[in-house]
Trainee: 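Can you read through this structure? Questions will come right after.
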Amino acid sequence: MKSDISDDMPKILQDANVPPEKWTLIYALVAGKILPLSVECIQMIEEYKVAPSQERGFLSVEGQRNQLFDPKESKVLKISMLHSNLALVALSVSGRVNAILKEYGVMAVVAYDSIDFRSKYQ
């Protein structure tokens, strides 16, 4: 009896005769490693969209409150960090997936779209 995950195997993997167990492993890698970071990044972008930009605060550097900063800009830094981490994790996962798929003649590649959220939501 096939599980729901096995039923969702892409046609290219079915055509390459990739066993359902291998697809389940690939699915688990993506769901466990890439999906959580993607969700966190999207949530941070949503927070950025609604954050007021006129609030100012002080950034404490080594105990000194001497730098003025916009809290909205700190979200930009967090989004950038999350995006970079997501790209690194996706590359790592694709390497592991390719190790799983090498004997079947198919290959995974990382493809992502960068969003210019700063100009779009300011």
Side-chain angles (χ1 to χ4, degrees):
M1 181 172 149
K2 287 186 173 182
S3 70
D4 291 336
I5 295 170
S6 295
D7 292 340
D8 292 335
M9 184 189 297
K11 183 159 176 28
I12 192 168
L13 298 182
Q14 291 172 4
D15 292 346
N17 295 319
V18 174
E21 302 79 36
K22 302 276 185 171
W23 164 243
T24 302
L25 183 57
I26 292 166
Y27 188 94
L29 280 169
V30 172
K33 302 283 187 182
I34 296 174
L35 188 59
L37 279 174
S38 299
V39 169
E40 189 176 354
C41 196
I42 290 167
Q43 287 172 337
M44 188 59 64
I45 290 170
E46 291 300 315
E47 288 177 24
Y48 177 86
K49 288 194 267 186
V50 298
S53 62
Q54 58 271 40
E55 289 182 16
R56 292 295 232 208
F58 286 95
L59 177 63
S60 206
V61 178
E62 294 180 13
Q64 298 177 350
R65 286 185 48 182
N66 58 3
Q67 290 184 315
L68 211 51
F69 80 105
D70 183 345
K72 192 166 183 173
E73 290 302 309
S74 69
K75 290 191 186 312
V76 171
L77 295 174
K78 174 93 175 171
I79 292 166
S80 298
M81 180 192 70
L82 286 169
H83 189 263
S84 294
N85 287 346
L86 180 57
L88 292 171
V89 168
L91 287 171
S92 172
V93 168
S94 73
R96 292 173 71 182
V97 168
N98 285 331
I100 293 167
L101 295 175
K102 69 180 178 184
E103 64 189 271
Y104 302 101
V106 290
M107 184 176 163
V109 294
V110 175
Y112 63 95
D113 191 14
S114 184
I115 301 169
D116 184 9
F117 59 89
R118 291 182 78 178
S119 64
K120 188 173 181 179
Y121 299 111
Q122 284 186 333

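Just so you know, these numbers use all the heavy atoms, side chains as well, and skip hydrogens, waters and symmetry mates.
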Trainee: Quick check on the hydrophobic clustering: are W23 and I12 connected, directly or via other members, by side-chain heavy-atom contacts under 4.5 Å?
Mentor: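 Yes, W23 and I12 fall within the same hydrophobic cluster.
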Trainee: If you compare all heavy atoms of A31 against all heavy atoms of P36, which two are closest, and at what distance to 0.1 Å?
Mentor: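 Result for this residue pair: O-CD, 3.3 Å.
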Trainee: L35 versus V30: any side-chain heavy-atom pair under 4.5 Å?
Mentor: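 Contact flag for L35/V30 side chains = no.
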Trainee: Within the structure provided, determine whether P20 and Y27 are in side-chain contact (heavy-atom separation under 4.5 Å).
Mentor: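 Contact flag for P20/Y27 side chains = no.
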Trainee: Considering all heavy atoms of both residues, which atom of H83 and which atom of C41 are nearest to each other, and what is their separation?
Mentor: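 So the two residues come closest at N-SG, 4.3 Å.
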Trainee: What heavy-atom pair brings K102 and A99 nearest, and what distance separates the two atoms?
Mentor: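 Smallest interatomic distance, heavy atoms only, reads CG-O, 3.5 Å.
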Trainee: Given side chains that start at C-beta, do those of E103 and K22 come closer than 4.5 Å, heavy atoms only?
Mentor: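 Counting from C-beta outward, E103 and K22 do come under 4.5 Å.
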Trainee: Side-chain heavy atoms nearer than 4.5 Å, only ILVMFWY residues, links allowed to pass through others: does that put V93 and V109 together?
Mentor: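 No: no chain of side-chain contacts under 4.5 Å links V93 to V109.
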Trainee: If you compare all heavy atoms of I34 against all heavy atoms of A90, which two are closest, and at what distance to 0.1 Å?
Mentor: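 It is CD1-CA, 3.9 Å.
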Trainee: For residues A108 and N98, report the shortest heavy-atom separation together with the two atoms involved.
Mentor: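 Closest heavy-atom pair between A108 and N98: N-OD1, 2.5 Å.
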Trainee: Are E40 and K78 side-chain neighbours, meaning at least one heavy-atom pair lies under 4.5 Å?
Mentor: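 Touching, per the 4.5 Å side-chain cut-off.
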Trainee: Working to the nearest 0.5 Å, report the span between CD1 of I26 and CE of M9.
Mentor: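 Result: 8.0 Å between the selected atoms.
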Trainee: Side-chain contact test, heavy atoms from C-beta onward, threshold under 4.5 Å: evaluate it for L101 versus L13 and give yes or no.
Mentor: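 Side-chain contact under 4.5 Å: yes.
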Trainee: Output the distance between atom CG (L77) and atom CE (M44), rounded to the nearest 0.5 Å.
Mentor: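 The CG atom of L77 sits 11.0 Å away from the CE atom of M44.
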Trainee: Within the structure provided, determine whether V39 and Q43 are in side-chain contact (heavy-atom separation under 4.5 Å).
Mentor: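 With C-beta onward as the side chain, the pair touches.
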Trainee: Where do Y104 and N17 come nearest, in terms of heavy atoms and distance?
Mentor: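 In this case the closest contact between Y104 and N17 is CE2-O, 3.6 Å.
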Trainee: Between S92 and L88 (side chain of the first, backbone of the second, donor and acceptor by atom type, cut-off under 3.5 Å), is there such a pair?
Mentor: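 No, S92 side chain to L88 backbone: no donor-acceptor pair under 3.5 Å.
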Trainee: CD1 of I42 to CD1 of I79: how many Å apart, nearest 0.5 Å?
Mentor: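 With rounding to 0.5 Å, CD1 (I42) is 11.0 Å from CD1 (I79).
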Trainee: Any side-chain heavy-atom pair from M81 and N85 closer than 4.5 angstrom?
Mentor: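 Side chain of M81 against side chain of N85, heavy atoms only: contact under 4.5 Å found.
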